[in-house]
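Take a look at the structure set out below.
Below, chain A is the first sequence line, B the second, and so on; all start at residue 1. Everything numeric here is computed off the predicted structure, so don't read it as measured data.
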Amino acid sequence: MSKLAGDEFKQAVYDLTRLIPCGRVTSYGAIARCIGSAGSARRVGWALNQCFHETPPVPAHRVVNRNGLLTGAVHFSSEAPMADQLEAEGVHVVENQIVNLERVFWEPWTAAELMDNAEL
DNA sequence: ACTTTGACTATAA
DNA sequence: GTTATAGCCAAAG
């Protein structure tokens, strides 16, 4: 068993994505690795594609590729572009690419410490 | 059941 | 530094 089903995988991705602090971003591969499915970065994107009709909403705009490029911007609503939401949180975006990526990058393993601390 | 595609990543040239 | 190719896993056609 222990096989990560599609729905469980999506839930794991959503849960971790919701833990991303405001003004920070992360990568698909980092999320995939944190949930135990390293190398399945593409599945993270697939899961996030379904997040729009999920409740509560998932801040998918904080998830970008390893290059800091907003590859999923085209999947966002025209009224709330990915870049616009990132800029609203203080993240500078130029040509669909995040500026100072290292400065705003957030590693999901930080969430593990937070959750562990919360359980105490 | 097989083939193609996808919000990716790493390595090689 | 960039560009090209391979590896990756699962869903959709």
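The OG1 atom of A:T26 sits 5.0 Å away from atom CD1 of A:I31, with the distance rounded to the nearest 0.5 Å. Once rounded to the nearest 0.5 Å, the distance linking CD1 of A:I20 with CD of A:E89 reads 9.5 Å.
The distance from atom CZ of A:R33 to atom P of C:dC8 is 14 Å, rounded to the nearest whole Å. The OH atom of A:Y28 sits 19 Å away from the P atom of C:dA10 (whole-angstrom rounding). Whole-Å rounding puts the A:D7 CG to C:dA10 P distance at 14 Å. Look at CD on A:Q50: it is 11 Å from C1' on C:dA12, rounded to the nearest Å. Spacing between atom CG of A:L48 and atom P of C:dA10 amounts to 17 Å, rounded to whole angstrom units. When rounded to the nearest whole Å, the span between CH2 of A:W46 and C1' of C:dA12 equals 11 Å. Look at CG on A:N49: it is 18 Å from P on C:dA10, rounded to the nearest Å. In this structure, the CD1 atom of A:I31 is 18 Å from the P atom of C:dA10, given to the nearest Å.
When all heavy atoms are compared, the tightest approach of A:I98 to A:V104 is CG2-CG2, 3.7 Å. The heavy-atom pair separating A:V91 from A:G23 by the smallest distance is CG2-O, 3.6 Å.
For A:R42, whose side chain is taken as the heavy atoms from C-beta onward, the closest listed nucleotide among B:dT9, B:dG6, B:dA7 is B:dG6.
Residues from residues 61-71 of chain A placing a heavy atom under 4.0 Å of any atom in DNA chain B, listed by number, are A:N65, A:R66, A:T71.
At a threshold of 4.5 Å between non-hydrogen side-chain atoms, the residues A:Y14 and A:P56 do not count as touching.
Across all strands shown, A:A60 has heavy atoms under 4.0 Å from base atoms, whether or not it also approaches the sugar-phosphate.
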(message) Before you tell me yes or no, could you show the steps for A:W106 and A:R62 under side chain to side chain contact (heavy atoms under 4.5 Å, CB included), namely the whole-Å CA-CA distance, both residues' side-chain angles and the distance that decides it to 0.1 Å?
(response) CA-CA 9 Å; A:W106 176 83; A:R62 295 178 184 156; over 6 Å; no
